Amino acid sequence: MNSENFRKIEPYVPGEQPQDRDRVKLNTNENPYPPSPYVLRAAKEMNASALNLYPDPEARELVQSIADYHGVGFDNVFAGVGSDDVIAMCFMAFFNSEKPILFPDITYAFYDVWAELFKISYEKIPLDKNFTIVKEDYFRENGGIVFPNPNAPTGICMGLDDIRAIIEHNRDTAVIVDEAYIDFGGESAADMINEYDNLIVTRTFSKSRSMAGMRIGYAIADKALIAQLKTIKNSYNSYTLSTAAIKLGSAAIKDEEYFIETVAKIVKTRENTAQRLKKLGFSMTDSKSNFLFVTHEKMRAAEIFERLKEKRIYVRYFNKPRIDNYLRITIGTDAETDALIAALTEILEGAK
Ligand code: PMP
C-alpha cells in the first residue's frame, strides 16, 4: 500500500526490556519486589477455563476495591490498562478546546505524543532552573493542564497548596495530576476530588504495587468526569481490562501491610543510594519517587550510561535539552544498589 496514507507520528520510546537474566535493570521504574502474596494466591485460584468469556466491561470487582481503598464512591473511579491508557483516555475526554493544553517542558515524554496523536494543541512550560514547576505559569487561559506529581524524571514533588492554587485558577478546564509515583513520599491530591469537579488524579499499580506486568491504572474524579471517561472508553474499546487484571489487581490493593512494607524498603534504599552516589561525586534532585535523577561533576551522563550498559547495568538516559547530562536511576534492591555502586566506582576511577 502507498505509505502516504500512513499516520505520521513520532512515537514514545519506552526503556529497554533486556531479556537476559544476568543484568541489573534500573531503567523503567519498576518495583524490584514481587507482587503481594495475595496476588500470587489469587493467580493460583484463577479459573482459566472461564477465559472463553469476555471480562466484565465495568471491571466492577477491581473498581470497587480501588474505591474502598480510597474511601470514594464506585462512580468516582475509572480503571484502565495502566495509567498510560487512563491518561490517554483523559486527553480524549477532556482536552477538546482550541486553546493549548499546558504541561512542563521536562516531564513524562508521553504527554506530547498523545497531544500529537489526538491533534491537541499544546504548550510546554519551562521548569525553573532548579527543575521546579512554577505554579503561576499555569494561571492563564488554556485547554487543560497535565503534570506528574512527583514530576518525572526529576522526582521533585509539589505541595498540595500549590496544586490547589493551580486547580483554583483553572476551574473551567481539566487539571490532571498524574500520581504514578506519589506513594514514595508525596502527598496525594486524591481527597480534593470532593472539592473540585475539574480535577482528575491518576494512579498506577505498576510502581508501588509491583504489578507493571499486569497493566492496571486508574483515575479518581468527580462522577461527571468518570462518566465522560466511560463514554470515551466505550467508544473505543469496551473490554480494556482482562479477567486476570481485574482479579489480581483487586487482590493487590487489599494487602495494605505488604504495600507499606515494600514502599518503606524502597524509600530506605533510595536515601541510602543517594548518600552513596553523593560520595562518588554525583549531585541530584530531591526525589520523592522510586528513582534518582543524578548528574556527575566529572563524567558526562551519556558516557556513564554506555559504560554501565557494558557492565549489564541498565539505567535511563534522555538525550534531550536541559537534561542531557542526567541519568535516571530506578531504585532496586539493596543488592542491586551494591552492584551499581561497585560499577560506578570502577567507571569513575578513570575520570579522576
Ligand atoms: N506517568 C508517569 C509519570 C510515568 O512515569 C509512567 C510510567 N512510564 C506512567 C504514567 C505510566 O505508567 P503505567 O502505564 O505503567 O501505569
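Remember, predicted model here, so these are calculated numbers, not experimental data. Side chains are part of it too, since the values below use all heavy atoms of this structure and drop only hydrogens, waters and symmetry mates. Both ligands and their constituent atoms are indexed starting at 1 by order of listing.
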Closest protein heavy atom to atom 14 (O) of ligand 1, given as residue, atom name and distance to 0.1 Å: Arg215 NH2, 2.8 Å
Electrostatic pair Asp85:Arg215 at N-O distance under 4.0 angstrom: no
For Gly82, the ligand 1 atoms whose distance to one of its heavy atoms is below 4.0 Å: 14 (O), 16 (O)
Cationic N near anionic O, under 4.0 Å, Lys25 to Glu336: no
Closest approach of any protein heavy atom to atom 11 (C) of ligand 1, naming residue and atom: Asp84 OD1, 3.1 Å
Heteroatom proximity flag, Tyr12 to ligand 1, N/O under 3.5 Å: no
Met284 and Tyr326, any side-chain heavy atoms less than 4.5 Å apart: no
Electrostatic pair Asp197-Lys223, nearest N-O below 4.0 angstrom: no
Close approach, Tyr181 and ligand 1, non-hydrogen under 4.0 angstrom: yes
Protein contact to atom 2 (C) of ligand 1 [nearest heavy atom, distance to 0.1 Å]: Asp178 OD2, 3.4 Å
Side-chain donor/acceptor of Asn142 to backbone N/O of Arg140, under 3.5 Å: yes
Closest protein heavy atom to atom 7 (C) of ligand 1, given as residue, atom name and distance to 0.1 Å: Lys207 NZ, 3.3 Å
Ion pair Arg276/Asp338, N-O distance below 4.0 Å: yes
Nearest non-hydrogen protein atom, atom 8 (N) of ligand 1: Tyr108 OH, 3.2 Å
Within 6.0 angstrom of Glu168 CD, more than 12 heavy atoms from elsewhere: yes
Heavy atom of the protein closest to atom 12 (O) of ligand 1 (residue, atom name, distance): Ser83 OG, 3.4 Å
Within reach of ligand 1, part of Ser206 (heavy-atom separation under 4.0 Å): side chain
